[in-house]
Amino acid sequence: MSQVWQRHEVAIVGVGTTRQGDHPDRDAQLLALDAFQAAMADAGITDRHRIDGVLTSRQLSGIDPVQFCRMVGMNPRVTGDLDYSTGGFLTQYAAMLVATGTCETVACVYGRNLKGSTGQLCGVSEYDLDRGLVNANAIFAIGWSQYKARHGAGDELLGHVAIAAHRHAARNPIAAWPEPLTMEQYLAAPYVVAPLRAWDIARITAGGVALIFTRREIARDLARKPVYLHAVGRQQAPRLYENEDQLLCPGMRSAAAQAYGAAGLGPSDIDALFVSDASGAAIVHTLENYGFCGEGEAGEFVRDGGIELGGRLPVNTSGGQLGEGYLVGWLQHAELVRQLRGEAGPRQVPGARIAQYCATGRQREDLLTSIYVTE
Amino acid sequence: MANPETMSPLQAHRAELAAGRLVLQRCDACGHMRPPAGWVCPQCLSERWHWAPIRGHGVVEGVTWYLQPLDPRFTDVPYNATLVRLEEGVRLIANVEGVEPGQLQVGQAVAAHVATGHQGHPVLAFRPAGASRASEQQETS
């Protein structure tokens, strides 16, 4: 079924990012401000009052949309947030505001600064607390133990995923963890939430990121090459363990069918893939469920640099959440735009024209994909 | 049934477990069994239910071990969070006790008992099935 997005009526026209890592002197709201100003400059928007929608994520130690607008003295038509507003979910909302004519130009603004946060699960219940089930990565870890048992996967699989993230981060000046990682180092590290190691887990960083969406007619007159939202796929799975193989994210297949079906595209058309990787395991589940490789074949796919720059499918070219910073999917959007504009410098995927973002959230309940293109 | 004025289904389930009864909530109308406890059957939307005894036999479908404390409220590592599929067909997350990290395998049989959970409330927990039988034999000998 076709979607409104194939008409290319909504584009990302500005992206802004701060350095990722420690920011002892700048709180989340100020980091968001830095990114907001960078995104406006990138788009060539000098008057911030042209922006009539401001969306943020409050959760995951983010910022409040109303407080942010007060700080920057704006009265937009719409301020907002979602109950689960990591990068992909909020950006689709922004695109919907533009596509429906509710807003003309929407800024998605996020800042995060909470040292020592434990990455507490969203939607954690009393039932979970009675069992000490408190960290998002424990959910990934249970699923990963299922995957390992089912496919006989070894520890090297996620090692390749982590190594790719660090190789990409080394080419990214804003990345928090650009240090190289070898397989020997990876395997020598102890499990933290077995069978996951610290290298498999996104560590909380401080930083800011902003993205500006607008209508096609406005986008064409702005500074940068528009990057159009081309197709989306969504699947929720709140029934949790009543769903077969919930933690292996089978709902991704539904999201894939929606997006690829609407776009008339398939996995082989994707030039670069971006995954919200709270754990490296998310990348494996994405590769298999979206059909980049067959079930149980990710080990072969990620070996020999398969998901690195120059490989068959570059994944998270800026380092992702394991290498660049943990801004819950937002940084991947900034990188995706830079790739499609041809502005990714030493990380550029030659001729990248079609990029896909995939996310999983909460207890693998929220599954989403967005495909972006240039014309 | 729980009295909504005094007790949530979760609290009522804790009370059942505290009394030593291995039970789960079961829908009166369609028989659907549901952990965690709730007011409404997600299968048929009936609000009528009862506590149904379970045999307590399950199989491990997935497991994680907390080996380093990740949350200041839960520092008593190592402990596991295990996805167990019961013989009755339902899946739940539980702690498996009496087993060391690395010794709990996907596919392993486990048996239920009542234990004290991480917040001090009674919970349905498990032990490896063989170990459970051994301890029962010890208790009866």
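In what follows, every chain begins at residue 1, and chains take the letters A, B, ... in the order their sequences are listed.
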Counting heavy-atom pairs under 4.5 Å to chain B, which of A:Gln246, A:Gln146, A:Arg150 comes out on top?
A:Gln146
Is there a side-chain contact between [X] and [Y], using heavy atoms and a 4.5 Å cut-off?
X	Y	value
B:Tyr66	A:Val192	no
A:Tyr127	B:Val123	no
B:His118	A:Asp130	no
A:Asn137	B:Thr64	no

Contact part of A:Arg239 toward chain B, heavy-atom cut-off under 4.5 Å: side chain, backbone, both or neither?
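Contact with chain B is through the side chain of A:Arg239 alone.
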Which atoms of A:Ala138 approach chain B - backbone, side chain, both or neither, heavy atom under 4.5 Å:
both
Which residue in the set B:Arg91, B:Gln43, B:His32, B:Arg34 passes side chain to side chain donor-acceptor pair (under 3.5 Å) when paired with A:Glu242?
B:His32
Can B:Gln11 and A:Glu126 be said to form a side chain to side chain contact (heavy atoms under 4.5 Å, CB included), step by step?
CA-CA 10 Å; B:Gln11 290 167 329; A:Glu126 272 294 300; over 6 Å; no
Do side-chain atoms of [X] reach the backbone of [Y] as a donor and acceptor pair under 3.5 angstrom?
X	Y	answer
B:Asp71	A:Val134	no
B:Tyr79	A:Gly132	yes
A:Tyr241	B:Val90	no

Do other residues, nucleotides or ligands put more than 12 heavy atoms under 6.0 Å from the CD atom of B:Glu100?
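No - once you tally the heavy atoms of other residues, nucleotides and ligands closer than 6.0 Å, there are 12 at most.
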Mind listing the closest non-hydrogen atom pair of B:Gly62 and A:Ser145 along with its distance?
CA-OG, 3.2 Å
Just one of B:Val63, B:Ile93, B:Thr82 clears the side-chain contact (heavy atoms from CB on, under 4.5 Å) bar with A:Ile142, so which one?
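So the option named by the test is B:Ile93.
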Side chain to side chain contact (heavy atoms under 4.5 Å, CB included) for B:Phe74 and A:Leu129? Distances and angles first, verdict last.
CA-CA 9 Å; B:Phe74 303 100; A:Leu129 292 173; 4.0 Å; yes
